[in-house]
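Single-structure report; data block below.
All residue numbers in this chain count up from 1 along the given sequence. For ligands, and for the atoms within them, numbers begin at 1 and follow the listed sequence.
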Amino acid sequence: METRVLAPTEAAIAEAARIIRGGGLVAFPTETVYGLGADALNGNAVQKIFEAKGRPGDNPLIVHVATPEAAQPLCYIDERAQTLMRAFWPGPLTLLLPKKLVIPSQTNAGLPSVAVRMPNHPVALALLRACGVPVAAPSANVSGRPSPTTAGHVLQDMDGRIPLILDGGPCAVGLESTVLDMTAETPVIVRPGGVTREMLLAVLPRVDVAASVLRPLAEGEKAVSPGMMYRHYAPKGALTLVMGKPDDVRATCLKLYREAMESQEKACILTHSEHALWYEGCDTLSIGSLAQPETVARELFSALRAMDDRQVRVILCEAVDTDGIGLAIMNRLYRAAAFCVLEV
Ligand code: TXA
Ligand code: MG
């Protein structure tokens, strides 16, 4: 199958909507990452997403809607959820709510809940309106790879597997949406993202964070969000996450880098722009500014993909603080590192 990449003109969006209504797949930009969309109410169409991504069938998808009203036929929305939709939609907040009967089991992996979100991107919203159906869309990467934040990333993973990619340029947030479980008494963040815990607490009296956000699942423990079980966001090289006092982090990264050089393994240090002079003579890549963690969120997946492009085997990455968007950054880094973390 030939994969076309089109600028998001009216005609291209109309064609994308025709493909989705006809049971096919289209990759499209959102403010978080690129999504791989299919008609959420058509189980056969949704099945194609799992095939294109190589995604385990027990990992449910997020259903995207053009308006908060469009979520009403899909799930039971209580007053708390309504408040959140008013405060954060369109935006990077996905709500897990009790599902209604129209949701085919392929879309939500047969769970009692369904994930819904209204994205904040003009192309995504125009596409959703043109489709006239809710669109199930996971990130448009091959399962396990870092999520795509440009149309080029999508093409790397999906070339030949899907007919069309709408190119809306780089994504503004760069990490996937916050997934908030609204089916429990206290809402629980099962995946941190662009809407931070601090932002949610401005609207809700209590918000918990699932324990598995910053640690591996214990043996036998069930993931609230099945996507958090798998090795994820992972570059092909081995990533070590280094945290501690700045001087110690620097010394450790330098030491590990030299060790890799001695054993003739290609290494790279993922650092912050403020530390540009710390690692003279080493191969480095900046993941953004410590003082502006939003830049790290935006750059991270691109940097992880660059490690594969450069065939780096040993990746050393400086940790960030876990407040605000930092919680989402560290959640992705822990998984990219397969929990190989050095506290120095
Ligand atoms: O920003 C985003 O959320 C992007 C864009 C395309 O909207 N989408 C995205 O989808 O990241 P995906 O499939 O890569 O991640 C969805 C996450 C997974 O961890 C999945 O397990 C969880 O949400 N999830 C979806 N439905 C769920 C449900 N009913 N119960 C528990 N977890 C659910
Ligand atoms: Mg994903």
Could you tell me, atom by atom, which parts of ligand 1 come under 4.0 Å of a heavy atom of [X]?
X	result
Thr32	1 (O), 2 (C), 4 (C), 5 (C)
Leu111	28 (C), 29 (N), 30 (N)
Ile62	3 (O), 8 (N), 9 (C), 10 (O), 16 (C)
Ser139	8 (N), 9 (C), 10 (O), 12 (P), 14 (O)
Asn59	18 (C), 20 (C), 21 (O)
Ala115	25 (C), 26 (N)
His64	5 (C), 6 (C), 7 (O)
Leu61	25 (C), 26 (N)

Quiz item: Under 4.0 angstrom from ligand 1, any heavy atom of Pro92?
Solution: no
Quiz prompt | Expected output: side-chain Glu318 to main-chain Thr271 donor-acceptor under 3.5 Å | solution = no
Would you say [X] and [Y] make side-chain contact, with heavy atoms under 4.5 Å?
X	Y	answer
Asp208	Arg206	yes
His272	Val320	yes
Leu127	Cys131	yes
Pro112	Pro98	no
Met158	Lys53	yes
Cys75	Leu95	no
Pro163	Met1	yes
Val173	Arg298	no

Going by heavy-atom distance to [atom], choose the closest among [options].
atom	options	value
atom 13 (O) of ligand 1	Lys53, Arg55, Glu31	Arg55
atom 8 (N) of ligand 1	Ala109, Gly35, Ala137	Ala137
atom 10 (O) of ligand 1	Pro138, Gly194, Gly37	Pro138

Practice problem: Output yes if Asn141 passes the N/O/S-under-2.8 Å test against the Mg ion (ligand 2); output no otherwise. | Solution: no
Please state which part of [X] comes within less than 4.0 Å of ligand 1, counting heavy atoms only: side chain, backbone, both or neither.
X	answer
Lys99	neither
Pro60	both
Asn108	neither

Quiz prompt | Audit row: Glu259, Lys255, salt bridge (charged side-chain N to carboxylate O under 4.0 Å, His left out) steps and yes/no | solution = CA-CA 6 Å; Glu259 284 174 11; Lys255 175 171 164 282; 3.4 Å; yes
